Amino acid sequence: MPVIETRNLSYTYSPGTPFRKDAITDITFTAQKGDFIGIIGHTGSGKSTLVQHLNGLLRPTSGQVFVNGIDIWQQPKKIRSVRFKVGLVFQYPEHQLFEETAYKDIAFGPKNMGLNDDEIDKRVRLAAQFVGLREELLQKSPFELSGGEKRRVAIAGVMAMQPEVLILDEPTAGLDPRGRDMILQQILDYQKQNQTTVLLVSHNMEDIARSAKKVLVMNHGRIVMLDETAEVFSRAHELESIGLDVPAVTRIFMSLRKSGFNVGPNAYTVKQAYDRLLPLLKKGGGSNA
Amino acid sequence: MLSGITIGQFFPGNSLLHRMDARIKLVLTFAYIAAVFIPRNWAGLAVAVGFLIFTILLSRLPAKLVLKSIKPILPIIIFTSALNIFYVTDGTPLFDWAFIHITTQGLTTAAFIAIRIISLIAGSSLLTYTTSPTTLTDALERLLSPLKAVRLNVHELAMMMTIALRFIPTLIEETDKIMSAQKARGADLESGSLMQRIRALIPILIPLFVSSFRRAYELATAMECRCYRGGEGRTRMKQMHMRAFDIVCIAVVVLMAAGLIVLNFVLPPVI
């Protein structure tokens with residue numbers, strides 16, 4: 001049974017007014033336990049609207065969302081419990097910090113779940129460890145921390161709820177390359193260790209290439225592709241036509257092939273490119289086919 | 001959730017009223033509000049209401065929109081009408097029971113005052129419907145500029161108003177976002193006792209304050225980067241010009257007010 005399933009999900013902003021706008025239309029997809037799905041699409045393609053449906057923040061205009069096979073809007077009063085199963089980290093999550101200490105802020109979610117203090121403490125420390133927050137930072141005010149540290153606190157705040165599905169909306173936006181690599185690696189480690197289902201919304205194709213097994217491409221509120229990462233990035237022209245890009249290494253591979261080098265199938269991470277190019281170079285510059 | 005709130009209810013258009021000089025529009029609206037209180041007989045009130053309907057037609061706004069502006073003050077209208085019905089005891093009694101006395105005069109007064117309040121609100125909302133908030137503060141700045149003589153910094157006041165108006169939608173959006181983020185962490189904003197609900201606001205208000213300050217600093221820096229130094233010697237991209245139509249409008253409103261005063265002398269008062 002899929003952890004998350006949507007059926008013909010559609011959402012319209014301000015229906016019945018001159019400002020009405022179809023944000024997403026007829027979205028049907030499933031995510032299995034342990035999946036790592038990247039969601040890409042240019043600004044305004046409906047990515048953020050889609051993810052806000054998965055934890056019941058938005059109620060679909062039509063269609064259904066199932067979490068573990070149960071329609072989340074069957075009992076609208078219990079929608080809060082869905083948010084503990086499907087954790088959503090918003091864009092710029094550091095803007096939501098409010099507690100006196102980072103520790104208390106991370107504990108906000110688990111506290112809302114009604115857990116006892118021991119369990120909360122355990123979860124807060126575990127989550128802090130996952131995002132690489134040092135012990136002494138936990139007792140500091142979140143407003144004294146650096147931008148990257150704030151981001152980690154905010155992400156830990158959702159991880160501490162130990163959701164079955166973790167959704168992150170642009171978790172690396174506005175970070176320097178090192179900070180972005182670290183956060184991405186921590187998310188990957190977290191996913192591997194807990195077998196959590198992760199949905200990662202991003203503009204950064206390198207991030208997606210490095211982490212996601214599957215990619216969901218959105219355009220004008222509809223799903224245009226949903227496939228293995230390699231498959232999606234091999235359709236570079238289609239991606240370009242909807243204003244998206246492929247990772248830089250993939251572009252290099254494509255232009256290598258264009259200039260007559262037989263480099264084999266496309267690579268989309270630096271590691272793949274390295275593994276594929278090195279033997280060719282050793283053989284003597286690759287065969288000029 | 002909060003997107004339904006409209007503040008600064010500007011309704012873009014290109015009617016004669018939209019294109020009128022905002023200064024004149026502002027002054028005439030105040031003049032109209034004062035004029036609504038002149039009539040003491042039905043004929044005068046009919047003229048005032050007729051003028052209002054004429055301007056609404058001129059603005060080419062949907063009538064529904066103007067009616068919507070009256071909705072929030074409906075309780076006030078009902079309350080004042082009720083007071084007038086029960087407390088005015090002159091005239092022919094219509095209904096008499098225990099302490100309730102309803103008279104013809106009471107009903108007349110109630111209706112008269114209700115119509116007055118409705119025209120007053122509809123008239124002033126017509127101003128905000130046809131003038132963008134920025135134009136309005138601009139007009140206010142220009143109208144108040146004589147106060148510079150008494151060392152009042154009119155430009156700064158107007159700038160503060162403009163910034164406040166500009167950031168209301170931004171802050172609403174921000175509040176919406178923070179509420180969603182806290183709800184995603186299981187914050188319960190919809191149930192519980194009064195105390196619990198107040199406490200539930202803390203996770204929303206603190207980030208909102210923090211981000212307001214951040215925005216304020218960013219805005220101040222951005223303004224300084226563009227060499228903003230207050231009103232002195234500042235010129236404008238859009239100058240306001242009085243046109244023939246504006247002068248016609250002034251004349252019409254003055255004539256209407258004069259006519260209302262004359263009607264008061266000619267016809268017997270009903271209230």
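In what follows, every chain begins at residue 1, and chains take the letters A, B, ... in the order their sequences are listed. It should be emphasised that the depicted structure is a prediction, and the values quoted were computed from it without experimental measurement.
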Next on the checklist: For a quick check under 3.5 Å, do B/K25 and B/T131 share a side-chain donor-acceptor pair by atom type?
Outcome noted: yes

So, the part of A/Y92 with a heavy atom under 4.5 Å from chain B: the answer is neither

With a 4.5 Å cut-off on side-chain heavy atoms, are B/V210 and A/F98 touching?
no

TODO: With the side chain counted from C-beta on, respond yes when A/V131 and A/M159 share a heavy-atom pair under 4.5 Å apart, and no when they do not.
DONE: yes

May I ask you to check whether over 12 heavy atoms, not counting those of B/E173, lie within 6.0 Å of atom CD? no

Do A/M218 and A/I40 touch side chain to side chain, with heavy atoms closer than 4.5 Å? no

Can any side-chain N or O of A/R83 pair as donor or acceptor with the backbone N or O of A/G56 at less than 3.5 Å?
yes

message = Main chain of A/T196, side chain of A/N194: is a donor-acceptor contact present, judged purely on distance under 3.5 Å?
response = no

Checking heavy-atom separations under 4.5 Å from chain B, one finds in residues 69-80 of chain A A/R80

Check: Taking everything shown except B/R60 itself, do over 12 heavy atoms lie less than 6.0 Å from its CZ?
Finding: no

Could you go through the side chain to side chain donor-acceptor pair (under 3.5 Å) check for A/T12 and A/D22 one step at a time? CA-CA 4 Å; A/T12 310; A/D22 291 322; 3.0 Å; yes

With chain A, the option among B/A181, B/G186, B/A187 that has the most non-hydrogen atom pairs under 4.5 Å is B/G186

Criterion ring pair (Phe, Tyr, Trp, His ring centres under 6.0 Å) on B/Y129 and B/F11, from CA distance to verdict: CA-CA 5 Å; B/Y129 277 135; B/F11 198 89; 7.0 Å; no

task: Answer with yes or no whether the side chains of B/T128 and B/S125 bring together a donor and an acceptor at under 3.5 Å.
output: no

When the 4.5 angstrom heavy-atom criterion is applied to A/L88 and chain B, the contacting part is both

Applying a strict 4.5 Å limit to non-hydrogen atoms, the region of B/S211 in contact with chain A is neither

Those residues of residues 194-206 of chain B that come under 4.5 Å of chain A on a heavy-atom basis, listed by number, are B/I202, B/P203, B/I206

Any donor-acceptor pair under 3.5 Å linking the side chain of A/T49 with the backbone of A/I24?
no

From the list A/M161, A/Q52, A/Q91, A/H95, the residue making the most non-hydrogen contacts under 4.5 Å with chain B is A/H95

